[in-house]
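These notes concern the structure reproduced below.
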Amino acid sequence: MMDTLSCLERFAGATRRHADLSVQSIALNSDPAYVCVRNRFSSTLFETVTCAEGAFVTSWGYRLGDMDDVDAAAARLAFLLAALPA
């Protein structure tokens, strides 16, 4: 299993491949570390993602997917934020 920081960095990279998503911030030194992603065309569609128990998890506790499948987790977030597929 990969460490949390490298997984969040990979997750941020995977979300950047979605045309409508923008990485708002990456806080790897905070506790917990997180990535904040938003829909480029909306000021209200955004989500903060952390890692917990081997999975990417939203701020409201929704499990996006396993840390081993970064692309699928980023695609699920894109769907939730009404973004076009990569």
Side-chain angles (χ1 to χ4, degrees):
M1 175 126 359
M2 301 181 77
D3 70 279
T4 299
L5 300 183
S6 65
C7 282
L8 285 173
E9 287 175 331
R10 289 181 58 222
F11 182 80
T15 60
R16 287 185 177 109
R17 290 192 289 269
H18 292 267
D20 295 349
L21 294 183
S22 172
V23 175
Q24 195 76 11
S25 61
I26 302 174
L28 300 178
N29 293 325
S30 69
D31 187 25
Y34 67 88
V35 175
C36 185
V37 179
R38 77 175 191 88
N39 183 311
R40 291 180 194 272
F41 304 105
S42 172
S43 61
T44 58
L45 289 173
F46 65 92
E47 188 55 65
T48 301
V49 177
T50 61
C51 291
E53 299 176 8
F56 295 103
V57 181
T58 66
S59 60
W60 45 280
Y62 181 77
R63 183 184 164 119
L64 294 170
D66 293 332
M67 290 168 59
D68 295 333
D69 195 354
V70 177
D71 292 329
R76 184 164 288 142
L77 181 64
F79 176 78
L80 292 174
L81 295 180
L84 294 173

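We number each residue from 1, following the sequence as shown.
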Within one Ile-Leu-Val-Met-Phe-Trp-Tyr cluster: Phe46 and Ile26, side-chain cutoff 4.5 Å: no
Report the residues that fulfil side-chain contact (heavy atoms from CB on, under 4.5 Å) with Ala52, sequence neighbours left out, ordered by chain and then residue number. Val57
On a heavy-atom basis, the closest approach of Leu8 and Tyr34 is CD1-N, 3.8 Å
Of all heavy-atom pairs linking Ala82 and Asp20, the shortest is O-OD2, 4.4 Å
Can you name the closest pair of heavy atoms from Thr4 and Met67 and give their distance? CA-CE, 4.0 Å
Following the transitive rule for hydrophobic clusters with a side-chain heavy-atom cut-off under 4.5 Å over Ile, Leu, Val, Met, Phe, Trp and Tyr, establish whether Leu5 and Phe11 coincide in one cluster. yes
Pairs in or reaching into residues 36-48: which pass side-chain hydrogen bond (donor to acceptor under 3.5 Å, both in side chains), with residues at least two apart or in two chains? Gln24-Arg38, Ser42-Thr44, Glu47-Ser59, Glu47-Trp60
Taking all atoms of both residues into account, what is the closest heavy-atom pair of Thr50 and Ala33, and its distance? CG2-O, 3.4 Å
Donor-acceptor pairs are to be reported for all side-chain atoms of residues 71-79 against protein atoms at under 3.5 Å, with residues two or more places apart or in another chain.
{"residue": "Asp71", "atom": "OD1", "partner": "Arg17", "partner atom": "NH2", "Å": "2.5"}
{"residue": "Arg76", "atom": "NH1", "partner": "Leu64", "partner atom": "O", "Å": "2.7"}

Check for me, please, whether Tyr62 and Val70 land in the same ILVMFWY cluster - side-chain distances under 4.5 Å, paths through other members count. yes
Is there a path of hydrophobic side-chain contacts, each under 4.5 Å between heavy atoms of I/L/V/M/F/W/Y residues, joining Leu28 to Val49? yes
Sort and list the pairs that fulfil salt bridge (Lys or Arg N to Asp or Glu O under 4.0 Å) and have at least one residue in residues 54-64, not counting sequence neighbours. Arg63-Asp66
Euclidean distance, Leu45 CG relative to Leu21 CG, rounded to 0.5 Å: 10.0 Å
